[in-house]
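Naming convention: chains lettered A, B, ... in sequence-line order (proteins, then strands); numbering from 1 in each chain.
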Protein chains: 2
Amino acid sequence: MESLNQTFAALADPTRRGIVAHLIRGEATVSELVQQFDLTQPTISSHLKVLESAGLISRSRKAQTRPCKLEPDGLQALDAWLERFRTVWEGNFERLDALLDDLQDRQPGKEKKP
Amino acid sequence: MESLNQTFAALADPTRRGIVAHLIRGEATVSELVQQFDLTQPTISSHLKVLESAGLISRSRKAQTRPCKLEPDGLQALDAWLERFRTVWEGNFERLDALLDDLQDRQPGKEKKP
């Protein structure tokens, strides 16, 4: 619950969503992100801290460049939260289909199915 | 882009996520939400303002009770943003399958497929 708050808050910023989208392709260093987003290193670092604290990315401790990596768990939690709404959207269409079938069956000159 | 910022920010609060989830079942008045979430009317009203301004809910102007209704567009925009990650998750599994198939083909005593 708490982590879902952090996930949503972290993704409320377009640069942070851009970083997450960029990391789909694979790991990236801070320098690469600085170049990609045309922002200063402190700005990128501060965005990375928010993303890391929300569990959306992780940073390797091994190399001096500490490359950033996408952690799918956070996005998958968000996806799981949305799942119930998708069920309703799909359910609504099924209900709509059933309603339209029923209305068609009730048209004059057509027998209603038993 | 701007509205996606608002969507994410609005959903970074557990009460607001709760209200959105509650409205899946259908419209609700402020009084019903006050009762459901055991919060004061000003607190619920302030949450509703944030949700309405993010386009996640709408409020009827007709009745005195001004019932709240879920507006699926906001959640569907969020779902569309997540779509690319789902593609990668699914793509990754396909790539993993291909890799495992390839490794199996390379096992000693087994011919590599042309």
Heavy-atom proximity to chain A below 4.5 Å, by part of B/Leu78: both
Would you check if A/Trp81 and B/Leu11 make a side-chain contact, meaning some heavy-atom pair closer than 4.5 Å? yes
Quick one: what part of A/Ala21 sits under 4.5 Å from any heavy atom of chain B, side chain, backbone, both or neither? both
A quick test of your reading: do over 12 heavy atoms of other residues, nucleotides or ligands sit less than 6.0 Å from CD of B/Gln35? no
Work out which heavy atom in A/Ala9 is nearest to a heavy atom in B/Ala12; give both atom names and the distance. N-CB, 3.6 Å
Let me confirm one number: the CG-CZ distance from A/Leu4 to B/Arg17, rounded to the nearest 0.5 Å. 4.0 Å
Stepwise side chain to side chain contact (heavy atoms under 4.5 Å, CB included) check, B/Leu75 with A/Arg86: CA-CA 9 Å; B/Leu75 291 171; A/Arg86 272 196 296 271; over 6 Å; no
Same cluster (ILVMFWY, side-chain, under 4.5 Å), A/Val50 and A/Val30: no
Tell me, for B/Leu82 versus chain A, whether the close heavy atoms (under 4.5 Å) come from the side chain, the backbone, both or neither. side chain
Any heavy-atom pair between the side chains of A/Asp79 and B/Phe85 that's under 4.5 Å? no
